[in-house]
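When a ligand or atom number is given, it counts from 1 through the structure's own listing order. Just so you know, residue 1 is the first one in the sequence shown, and it goes up from there.
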Amino acid sequence: MTESKISLTHLLGLEGVSAADIQVLIDTGFTFREVLDRPIKKVPTLTGINVVNLFFENSTRTRISFELAEKRLSAEVTNFSAASSSLSKGEGLKDTIRNLHAMKMDAVVMRHPVSGAAQQLSSYVDAVVINAGDGTHEHPTQALLDIMSLQERFGRVAGLKIGIIGDVAHSRVALSNIFGLQTLGAEVSVCGPGHLLPPHLSDLGVSIIPDVDDLLSWADAINVLRIQRERMGVGLIPSVREYRNGYGITNERLARHKGELVVLHPGPINRGVEIDSDVADGDQAIILDQVLNGVAVRMSILYHLLSAKGAA
Ligand code: CP
C-alpha cells in the first residue's frame, strides 16, 4: 500500500472534491476488493486507531458496511446509537460530540437527520469526520460505491449517461451522485414527479427527462431511488400504485429498451413500488455488487483520510 495521495481532511460531501481524489479513492477501493476475496479478509492497516460510528438515524447497509470496513482494517470500533444515549435526556449534538472527543477518537463516521451536521461536527473535533448521510444534503460514501460499481461494470465513468429516477429533491444519494459523476465526466439526467425535482437542477448541469421510457432509452445505467414512504403521509408522493405506474422499473418497461441497461439501487428497496422484484434480482441489476463495493470503498476512505492525518 502506497502513501495517501488525496488532498481531503474529512469526507463531508462530494461537492468540490477533485476528480483525482475521487479516482484515488475508487482505485484503492478495487485494491481492497481483492482483500475481501481472500480467505482471511483482514489487514493490519489501522491497528491502534479508534473509529466511532455515530448513527442518529436508522441504517442497515451503511452502518454495517462501515463497521466491517473498520474491522477489516484492524481498527478499534465503537458504536453509538442515539436511541440509547443521553440525547434522550436533552443533551445536544455539540456536548455529545465534545464528550466523545475528550475520549480521543481518531475518526468519526456520522449519520444525522440534519443537513450540514457533518460539517458542524468537523468544527467541534480534530478527528477525521466521514459523512454517512446528513439530512437531504449528501451521502458521499454511497455515491462513491455507486461510481465504483459503474466503473467495474463499464470499465470507465467518463462519457456514461446516468439516469436518476425518483424523489431527487429529498435525496442525499442523488445529490452526491450528481457531484461525483459529473466530476468524473459522466452525463446525468433525472426523472420523477415534477414537484420532487428541485428547481436548481439546471444550475448543476443536470437535465430533466420527464418520461421514464425516454430516460431508459437515453441512459447506459439508471439509479433507482427509494421511495421514502414516510413522505407519503405529508402528501409529497402519490399512491404506491400511481407511483409504480408512472415511474416504477418493471421488466415490461425494461424490455422496451436496449438490453444492456444497468440498474442500481442504493437500498433499502421497496419491492413492487419503485422497482419490481424480478428487476432487482435480475441480470441487469448490480445492487449486491454495490453492497460489496461499499465495504471496499469505505476501507479506502478510512485508509486515505487517516493516512493523510498521519494516523495510519
Ligand atoms: N443506502 C443506504 O444508505 O442504506 P441504509 O440507510 O440502510 O444505510
- Counting from 1 in the order shown, the ligand 1 atoms closer than 4.0 Å to a non-hydrogen atom of Gly267 are 1 (N), 2 (C), 4 (O)
- Note on the structure: The protein heavy atom nearest to atom 1 (N) of ligand 1 is Pro266 O, 2.8 Å
- Task: Considering the heavy atoms of Thr62, write down every atom of ligand 1 situated less than 4.0 Å from one of them.
- Result: 2 (C), 3 (O), 4 (O), 5 (P), 8 (O)
- Any Gly133 heavy atom less than 4.0 Å from ligand 1: no
- Looking only at distance, does Arg61 have an N or O less than 3.5 Å from an N or O of ligand 1? yes
- Measure the distances from the heavy atoms of Arg226 to every atom of ligand 1 and state whether one is below 4.0 angstrom. no
- Message: Suppose the criterion is salt bridge (charged side-chain N to carboxylate O under 4.0 Å, His left out): which pairs have a residue in residues 56-70, not counting sequence neighbours?
- Response: Glu57-Arg172, Glu67-Lys71
- Message: Within this structure, what is the CZ-CD1 distance for the pair Arg253 and Ile275, rounded to the nearest 0.5 Å?
- Response: 12.5 Å
- Query: Any side-chain heavy-atom pair from Phe56 and Val114 closer than 4.5 angstrom?
  - Reply: no
- Taking the six-membered ring for Trp, are Tyr303 and Phe32 parallel (under 30°), tilted (30 to 60°) or perpendicular (over 60°)? perpendicular
- What is the minimum heavy-atom distance between Ile222 and Ala219, and which atoms define it? CG2-CB, 4.1 Å
- atom 5 (P) of ligand 1: of Arg111, Glu57, His265, the nearest heavy atom sits on Arg111
- Counting from 1, what ligand 1 atoms have a heavy atom of Thr60 closer than 4.0 Å? 5 (P), 7 (O), 8 (O)
- Check whether any heavy atom of His139 sits under 4.0 Å from an atom of ligand 1. yes
- Message: Enumerate the salt bridge (charged side-chain N to carboxylate O under 4.0 Å, His left out) contacts for residues 237-249, please, sequence neighbours excluded, ordered by first and then second residue.
- Response: Arg244-Asp276
- Message: Assess, by modelled atom type and distance only, whether the side chains of Glu138 and Asn131 contain a donor and an acceptor separated by less than 3.5 Å.
- Response: no
